[in-house]
Participant: 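The following block contains the structure, expressed as structure tokens.
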Amino acid sequence: MTSTDMRQAPHLDAGLTPEDLRTMYYYMSLTRALEERVRSLYLQGKLVGGVYTSRGQEGTAVASAYAMQPQDVCAPLIRDLGATMTRGVPPRAVLAQWLGRVGGPTGGRDTNLHFGDMGRGILAPISMLGATIPLCAGVALAARQCGRDSVALAYVGDGGSNTGDFHEGMNFAAALRLPLVVIVENNGYAYSTPVSQHVAIESFADRAVAYGVPGWSMDGNDVIEVYRLTRDALERARRGDGPTLLEARTFRMRGHAEHDDASYVPKELVAAWAQRDPIHRLAHYLDEHGLWTPDDQRTMEDRIKRDIDESLEWAVASPMPDGVTQTADIYAE
Ligand SMILES: Cc1ncc(C[n+]2csc(CCOP(=O)(O)OP(=O)(O)O)c2C)c(N)n1
Ligand SMILES: [Mg+2]
């Protein structure tokens, strides 16, 4: 037996079953396929507003959400649709939301950006970047005060982690040892500004020392690593050891949004990251370890396509809001 044979496969070390890996693959692939469909609707002029996608970052969103417990609360941003869907929001709700239809979670009063699902522990994104860190610190404080066994998980971009809110929220949560996990998604850019031009640190995990909490950097395109470290951070928080700051090293494979051709991103950099695509990597891992068959993959891809086709048909059939409901849920009766 060689030393390679004697090592346990990484998914076994992380406590993941083949079924877990296939489920994560499903949600990553569903996220990408749905965003591709949305992009095509945008190009046809069938939806209004910007189209922001998470292409290349699905591994971080899906694997971190997969590590959460149902009673946990998360605050996904625009690159975290995979987390929203892994927590159970169905494609039809997402598509109706993007199309501004009554059937969407906000009843057609917004399009893509600001919807959550409190029943599934998903806070709606806030446009002011960094604001979800103190918000999630508050959610964590409330959980502790109410005796709930729940952890708050906030996602933030590399750019968003430079805001005052981020530092205040982190420090507050650390001082009170609140059950909070923060994932900084270092995707190389904040709009058109490369990371090397907006911070002087090597790793966003290094910031943790300033708050007195652990900081762990992970390969954001390796679902097994993201799952394992997020789960460990959630467990630390759950047993009362306080916050953890995680950095996910990943890459934004498209422009900031579809109106941005990202011509400022060097082509070689995109090509290098394409080699590390999280979906292809997991497919390769499943092949290599014999954890699925070509038929399993085909069946899954067919199911995703059918599901998106049917969801889109349902969303298109859902009416636009009539205007009368515009102020609903805004003012107290
Ligand atoms: C406090 C604040 N400043 C600026 C903006 C404008 N803005 C929206 S997205 C964005 C870039 C965000 O970059 P990053 O946090 O790295 O997230 P990414 O888009 O890469 O996921 C900026 C500057 C904002 N929404 N909020
Ligand atoms: Mg970024």
Side-chain angles (χ1 to χ4, degrees), residues 28 31-32 35 38-39 42 49-65 74-85 110-116 122-137 153-170 181-207 217-221 226 245-266 269-270 272-274 276-278:
M28 288 160 73
T31 304
R32 184 166 295 182
E35 287 184 343
V38 164
R39 203 166 78 78
Y42 171 77
V51 167
Y52 306 82
T53 75
S54 63
R55 195 180 178 93
Q57 297 180 226
E58 299 93 338
T60 298
V62 169
S64 55
C74 65
L77 291 176
I78 52 174
R79 317 271 180 223
D80 304 308
L81 182 63
T84 301
M85 301 227 280
D110 185 28
T111 54
N112 56 348
L113 288 181
H114 307 108
F115 72 99
I122 303 170
L123 301 172
I126 302 176
S127 277
M128 281 62 75
L129 299 174
T132 50
I133 312 302
L135 176 70
C136 282
L153 191 165
Y155 298 89
V156 66
D158 45 271
S161 76
N162 291 334
T163 58
D165 266 353
F166 175 90
H167 300 297
E168 291 170 30
M170 279 303 306
V181 174
V182 174
I183 300 183
V184 178
E185 288 178 83
N186 175 2
N187 64 0
Y189 284 82
Y191 214 120
S192 54
T193 309
V195 164
S196 59
Q197 281 180 34
H198 73 72
V199 291
I201 44 175
E202 283 298 315
S203 163
F204 287 84
D206 291 347
R207 288 196 159 150
S217 185
M218 54 192 182
D219 179 342
N221 288 10
V226 172
L245 179 61
L246 295 170
E247 173 192 51
R249 302 183 310 274
T250 180
F251 200 72
R252 194 192 70 194
M253 292 301 285
R254 299 198 59 82
H256 178 68
E258 289 306 311
H259 60 262
D260 168 20
D261 71 1
S263 48
Y264 49 84
V265 179
L269 196 54
V270 179
W273 279 93
R276 304 169 58 188
D277 182 277

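FYI, the numbering just counts along the sequence from 1. One-based numbering, in listed order, for ligands and for the atoms of each.
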Participant: Would you check, one step at a time, whether the test side chain to side chain donor-acceptor pair (under 3.5 Å) holds for Glu35 with Ser54?
Facilitator: CA-CA 8 Å; Glu35 287 184 343; Ser54 63; 3.0 Å; yes
Participant: Has the side chain of Asp165 got a donor or acceptor atom that lies under 3.5 Å from a matching backbone atom of Thr132?
Facilitator: no
Participant: Would you check ligand 1 and list the protein residues that come within less than 4.0 Å of it by any heavy atom, ordered by chain and number?
Facilitator: Arg79, Ser127, Met128, Leu129, Gly157, Asp158, Gly159, Gly160, Asn187, Tyr189, Ala190, Tyr191, His256
Participant: Would you say the side-chain atoms of Arg252 pair up with the backbone N or O of Ala190, donor to acceptor, closer than 3.5 Å?
Facilitator: no
Participant: Examine distances only and state if a side-chain atom of Gln197 and a backbone atom of Val195 form a donor-acceptor pair shorter than 3.5 Å.
Facilitator: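 Side chain of Gln197 to backbone of Val195: no pair is present.
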Participant: Between Arg207 (side chain only) and Ser161 (backbone N and O only), is there a donor and an acceptor less than 3.5 Å apart?
Facilitator: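 The answer is yes, because a donor-acceptor pair under 3.5 Å joins these two groups.
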Participant: Taking all non-hydrogen atoms of both residues into account, name the closest pair between Pro278 and Arg32 and its distance.
Facilitator: CD-NH2, 4.4 Å
Participant: Taking Arg276's backbone N and O only, do any of them form a donor-acceptor pair with Asn221's side chain (distance below 3.5 Å, no angle check)?
Facilitator: yes
Participant: Short of 2.8 Å from the Mg ion (ligand 2), name each protein N/O/S atom, waters not counted.
Facilitator: Asp158 OD1, Asn187 OD1, Tyr189 O
Participant: Report the residue from Val156, Asp158, Leu77, Asp80 that forms a side chain to side chain contact (heavy atoms under 4.5 Å, CB included) with Glu185.
Facilitator: Asp80
Participant: Distance-only, no hydrogens or angles: does the Glu247 side chain make a donor-acceptor pair with backbone N or O of Phe204 under 3.5 Å?
Facilitator: yes
